[in-house]
Every structure is written in C-alpha cells, then in structure tokens.
Amino acid sequence: MPRRNVVTWTATLTGYARTGDLESARRCFDAMPHRTVVSWNAMLSGYSQNGFEDEALRLFHDMVDAGFRPNETTWVIVISSCAARGDPTLADSLATLLHRARGIDFNCFLRTALLDMYAKCGRLAAARRIFDDLGPRKNTVTWNAMISAYTRSGDLAPARELFDRMLNKDVVSWNSMIAGYAQNGQSAFAVRLFKDMLTLTGEHPKPDEFTMASVFSACGHLGTLEIGNWAVAFLGKNQIRLGTSGYNSLIFMYSKCGSIKDAQRIFQEMERKDAVSYNTLISGLAAHGRGREALELMSKMKEEGINPDHATYVGILTACSHGGLLQEGRRLFETIEAPSNDHYACMVDLLGRAGEVEEANRLIQTMPMKPHAGVYGSLLNACRIYRRTDLAEMAAYGLFEIEPNNSGNYVLLSNIYAQAGRWEDVDRVRRMMRKRGVMKATGWSWVEHGGEVHKFIAGDRSHERCSEIYHLLANLRRRMERSGYVADGSCVLRDVVEEDREEMVGVHSEKLAVCFALIVSEAGEAIRVMKNMRVCWDCHTAIRAISKLEGREIIVRDNNRFHHFVEGQCSCKDYW
DNA sequence: ATAGGGTTAG
C-alpha cells in the first residue's frame, strides 16, 4: 500500500476507522510524517463514530495544543461527540469555546449539530431557538433533528406538528415520528403512521430496516401478532435486509406476542448477535417462566465473549423469580458488581415470591441507596401472596410517598386488608384514594382477530358478539359444574363477583376475552389473550378450567408476563 | 482524505 502523501495516509486511516479498527487507525495517525486539519478530523471522526466520544474530546484538546485551528468540520465532529455524552455542562463550555473561535462559518451543518447537541443534553429551548433562527436555511436533517428532539423528551404533539408541516419528508422523518410513538407508549399510533407511510398518496420514501424495527417493537408492545406477521411479510416482499438491531426487535416482538418459539428461531438464525440479542431473549424466556433456558442462554452469552450487563441481570433475576429458582437467583445476585435499584427490585421480588418475605425486607434495609418504587412494589406484592399485612403497610407507605398517584398500589393494599377481613382499613384506603383524587385504573383485556383488536372490560356487554360470548360462558359454567370443577369453593366463572364491598363488578374482562377467542379461533389452535393488569385468582382458576374443558392451550399475557394454560395446568410456578 | 438527523432490552 503506497503511503506517499498526507492524503493517502488519511485515506488509510479512514479505512481502518470505518471497519472499527481504531488501534490501526491510531497507529496510522501516529506514524504520519505530516498532518493537516483533515487528518485530525479523520481521527476524531473515527473515535466519534465508533462510540469513543471521550477519546475524541481528548484528541480535540491535543489538536488545539498542537497548534491546529479547528475548522467547521472539526466542530461538527466534536459537537456530535458531546451530544452523545449528553452532558449539559460540557455542552455549554464547548459552545463558549466555539463562539470565541474566530473565522468560523455558522453554516447549516454546524447549526444542526449544535441543535442536536443541545437537545440531547436536555436543552430543548436552546435547540428550538437554533431551529427558528435558521429560518429558510433549514434542511431536512434540521427538521428531523428537531422532531426527534421532541420525541426523545416525550413531547409528541410538537413533534407531530413539525412532521405535518414538513414538505420534503425523507425516510428518517418517518422513522423519527414512528419511533417517537413506539417509544412513548403510543404503539397504536406508530402502526397507524406506518400504514400512512405506505398508503398516502404522493411521493413517499420506502420503509427501511429502521422503520421495520420500530414497527416490530410497536407490535410487541401491543401484542398484536397478526399485524406483526403482516409486517414480517412486508419485510420479505420488499427485500428489506435487517441488521442486528432489526432482528433484535423481531425477537422482542415474538416474545411479547407469546410466540417464544419464533423468538428463539430468529435468535438462532441470526449471524451476528450482540448483548441486546441475548438480553431480549433472556427477558422473553423470563416472561414465559422458562428459567432454566434463560440461565443456559446467559452461560452461552459468556462463552461467546459477550459480557452480561445491567439488563442481562434484570432479565436473569426475573427468570429466576418467575421460574421459582431461588438458590440460583441468590448466587447470581452475589456476582453482580454494583447492583442497581432495579436489581434490588428483582431480588426482592424473587425472595418475596419464594416466601422469604423477611429476607426480602432485610435486603431493603441494607440497600446502599434509597429504594425506588419497584423495590417496595415487589415487597408489597409478596405481602399479598403470603398475607403479611404488617409488612404490607410499611411497604405501601414507602410506595405512596414515591408514587402518590399510582392507583395500583392503593388497590393492592386495600385487597390485602380485604384478605385479612379488615374492612375498616379497606374503607380507609378507599377514602384516601378519593381524597387524593387517585382514579382506579380499568383493567381491560383484548384479543386480536381478523386485523382488529377486540377489547373487553369487566361486565362488558358492548361487543357485537356479546350474546354468543355470554352464551358460551353459561355453557362452560354448566359443563364445569358437571365435571365438579367448583369443588374447591373458589368463585369459578361466577357471573357476578363482588370485587370489593362497594362495587358490583360483572364478568371479568379476561373471561370475556377468552370466550371470544374460543368462538373465533380455529379449533385446536392456541389462543392468546392480552391483559394489562393482573389475572385475578378467579380468572386464573376459570382459565385453567376452560383450557382443560376445551383441550386448548390458552396464553395470557398480563403485566408483561405470560401464562400458558394447558390441560388445566398453568406454566407459572410463582404466581400465586 | 474529514462533517449533522432515525433503530433494539424489564
């Protein structure tokens, strides 16, 4: 390879940096007989593009010390490194330096980079000022940077306003907006916007692997496998090649839609797996109660030379918890170097579900940081399972302080009092909720069928096939009574249950959803029901019974966990 | 020869 002049040297350096071989790039840089600003920029860019922002910032100072004057390109690279760091103090000092520098042309490139840096460092107003100051000199990239500035901070309305005002949307514009919805709990809007992208008249960019990754993620959050499969078919038809991240979101989608087998298949088919691939599947296995397989996967991950990170341990501890693997969980927790609040929450959950409520409580007392809501929430849930009213009060009051508006916490404590027959305390908690204006969330269940999402709430009579559903419900109840299923005295499939003493609640939403699914699904096929709250004991028993009577597998997702009901048995070991 | 925006995990 001829290395005659500074241009060939720099080109070689860039070549190494593009393949991620920064050591060779740096060796090349150090060996250069002469350097220009462009050589420095190439090295800076190499660091910045490969996630070594700190190295880039250090080299920037070396460059200034060596007497080189940064040009516009230098500033853009350094500013984007700072953007990735997200440090507002650094952003401000860099901006001060930039404004002191002489002879710099504040072109659109530079201003857009600045806009992005301010946005990523939490200075949204400063970002917007740059956006407005640019006036008609703004280009598509500037618009896109501003849209994602808003979606990152969860401001979907101003993001959508800019998106709608934009005249020349490119694929990144669409991706930013679709991802914005998907990441802010508005997955249904994400899917709708994707459909708009395909169907609206006029010139529209073709979806790429990033678009599809967001759509898969949205389908995962929604639990809509039919739409998900349609998106997968679209992917194949349009020959869109997925990268590792795209495959990761597919693993996520299948896991969340109850198709853990497909998630595993995608994982196996992937050529290049990263930590996220492993973490996603481990979490998926955890949600499905497959603790052993999750543990095996983490071993495999280590064998492949990929280090478990924060998310891996969250996933694996969840897997131990849901799979009833107490000893393994304890041992793993000890191996975590600096356990975070999340890890403590998982560990309290694991101990609590396994019946070691005292140990869980002691763990909270010895935590080196202030426990967050998840930690107390796990303890409170354990108190519900093991009827520890005394400890429940302590956990609940810790929780009310952190999350005064989370209705679930109040309901949980109220139900614990109800279990203990302490009705005056039940009333007290209910009054507390009213006084604080906390609304009880409605638990609804849904089933996807024929491209539509069918939703049910407790006592629902609004569904178009309502009479069929209630007819089936009554029929099932008769069959269950004949087969002696009510022998344990639990309130199986009662038409009306008294959920608390004030309200009479009709048939639970998941029973309605299961019956609807039985009516519409093809015989023999497994059915899926999604729920956003918790399957209550009543429904748990009922669904077990239905799975036995009907000989069908019923998969219920609730609270992001899956329960596979087969032949009257439920897959989860820890739940009740 | 060097520069800005979008994707994944409980």
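Computation of the quantities below employed the complete heavy-atom set of this structure, encompassing side-chain atoms and omitting hydrogens, waters and symmetry-equivalent molecules. Below, read A as the first sequence line, B as the second, and so on, with proteins coming before strands; counting in each chain starts at 1.
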Under-3.5 Å donor-acceptor pair between [X] side chain and [N] base:
X	N	value
A:Asp116	B:dG4	no
A:Ser283	B:dG10	no
A:Asp208	B:dG6	yes
A:Asn139	B:dG4	yes

Reckon [X] touches a base, only the sugar-phosphate, or nothing at all at heavy-atom distances under 4.0 Å?
X	value
A:Thr36	base
A:Arg35	nothing
A:Thr140	base
A:Cys346	nothing
A:Thr318	nothing

Checklist outcome for this item: Taking pairs as Watson-Crick (N1-N3 plus N6-O4 or O6-N4) or G-U wobble (N1-O2 and O6-N3), each distance under 3.5 Å, the stems of three or more consecutive pairs with DNA chain B are none
Spacing of [X] atom [atom1] relative to [N] atom [atom2], expressed in whole Å:
X	N	atom1	atom2	result
A:Met253	B:dT7	CE	C1'	15 Å
A:Leu98	B:dG4	CG	P	16 Å
A:Asp170	B:dT7	CG	P	13 Å
A:Leu285	B:dA9	CG	C1'	13 Å

Item to check | A:Asn175, nearest nucleotide to its side chain (from B:dG4, B:dT7, B:dG6) | outcome: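 Selected nucleotide (nearest to the side chain): B:dG6.
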Should we count [atom1] of [X] as having more than 12 external heavy atoms under 6.0 Å?
X	atom1	value
A:His99	NE2	yes
A:Arg192	CZ	no
A:Glu23	CD	no
A:Phe189	CZ	no

Next on the checklist: So does A:Ile240 get a backbone contact from the side chain of A:Asn238, meaning a donor-acceptor N/O pair under 3.5 Å?
Outcome noted: no
Checklist entry - A:Phe210: what forms a ring-ring contact (aromatic ring centres under 6.0 Å, His included) with it, not counting sequence neighbours? => result none
Checklist entry - Does the side chain of A:Arg18 get closer than 4.0 angstrom to OP1 or OP2 of B:dT2 through an N or O atom? => result yes
Checklist entry - Just to confirm, is there a sub-4.0 Å distance from OP1 or OP2 of B:dG6 to any side-chain nitrogen or oxygen of A:Gln183? => result no
Checklist entry - Do A:Lys302 and A:Tyr278 have side chains that get closer than 4.5 Å, going by heavy atoms? => result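 Counting from C-beta outward, A:Lys302 and A:Tyr278 never come under 4.5 Å.
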Checklist entry - Is the ring centre of A:Phe109 under 5.5 Å from the base ring centre of B:dA3, and are the two planes under 30° apart, so that they stack? => result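 Whether judged by distance or by angle, A:Phe109 passes, so it stacks on the base of B:dA3.
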